[in-house]
Amino acid sequence: MQRWLMKTEPEAFSIADLARKRREPWDGVRNYQARNYLRTMHKGDGVLFYHSNCAVPGVVGIARVARAAYADPTQFDPRHVHFDPASRRDDPRWSLVDVAYVRTLGRTIALDELKGRPELADFALVRRGNRLSVLPVSAAQWDFILGLE
DNA sequence: GCCAACGTTGGC
DNA sequence: GCCAACGTTGGC
């Protein structure tokens, strides 16, 4: 099992939304590096669910990959905000995975708490200027972060 | 709302 | 292939 961190703006889609829906296609990723990570995911991989661009950014829950990568249908929809006119149906540019709810953390593990920890020195999330919305997480990082709960 | 960081686009 | 302009991300 591999582990990942996935960012979402809670105003757009929060851990409470995932808890209610149980499962969700993670559409709208339009960054090549993030897409490449999506494509290496396997069903069953662990996901740290992260709220960004909000009052207290941080890890708020756990999800898992419920379906490995497939073509993101929103790239072909001209009315959709994530429409990509350059993507072709016979060679889709963008992928998504389905994500399933596992649990909500007892408290938010804030970005603030994760910064400056030697255990997370190599974790891209806490490095300056990081903007990737999908990041790999090592087993040690996963255990450390959830150990703060 | 500000703005630094960074990815993408497109002229050359 | 360079790089300025532009758009987006996301912490603050």
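Every chain is numbered from 1, with letters handed out A, B, ... down the list of sequences.
Boundaries of the chain A contact region on DNA chain C are C:dG7 to C:dC12, first to last in 5' to 3' order (nucleotide atom under 4.0 Å from a heavy atom).
By the 4.0 Å N-to-carboxylate-O rule, A:Asp72 lies too far from A:Arg35 to be salt-bridged with it.
Other residues, nucleotides and ligands contribute more than 12 heavy atoms inside 6.0 Å of the CZ atom of A:Arg107.
Geometrically, A:Arg117 does not engage A:Phe144 in a cation-pi contact, judged by NZ or CZ lying under 6.0 Å from the ring centre and within 45° of the ring axis.
Using modelled atom types, one side-chain atom of A:Thr8 and one backbone atom of A:Phe13 make a donor-acceptor pair closer than 3.5 Å.
With the nearest nucleotide of DNA chain B identified for both A:Arg128 and A:Arg30, A:Arg128 has the one nearer the 5' end. Nearer the 5' end of DNA chain B, as judged by each residue's closest nucleotide, is the contact made by A:Asn53, out of A:Gly129 and A:Asn53.
Following chains of ILVMFWY side-chain contacts shorter than 4.5 Å, one cannot reach A:Tyr70 starting from A:Val29, and the two form parts of different hydrophobic clusters.
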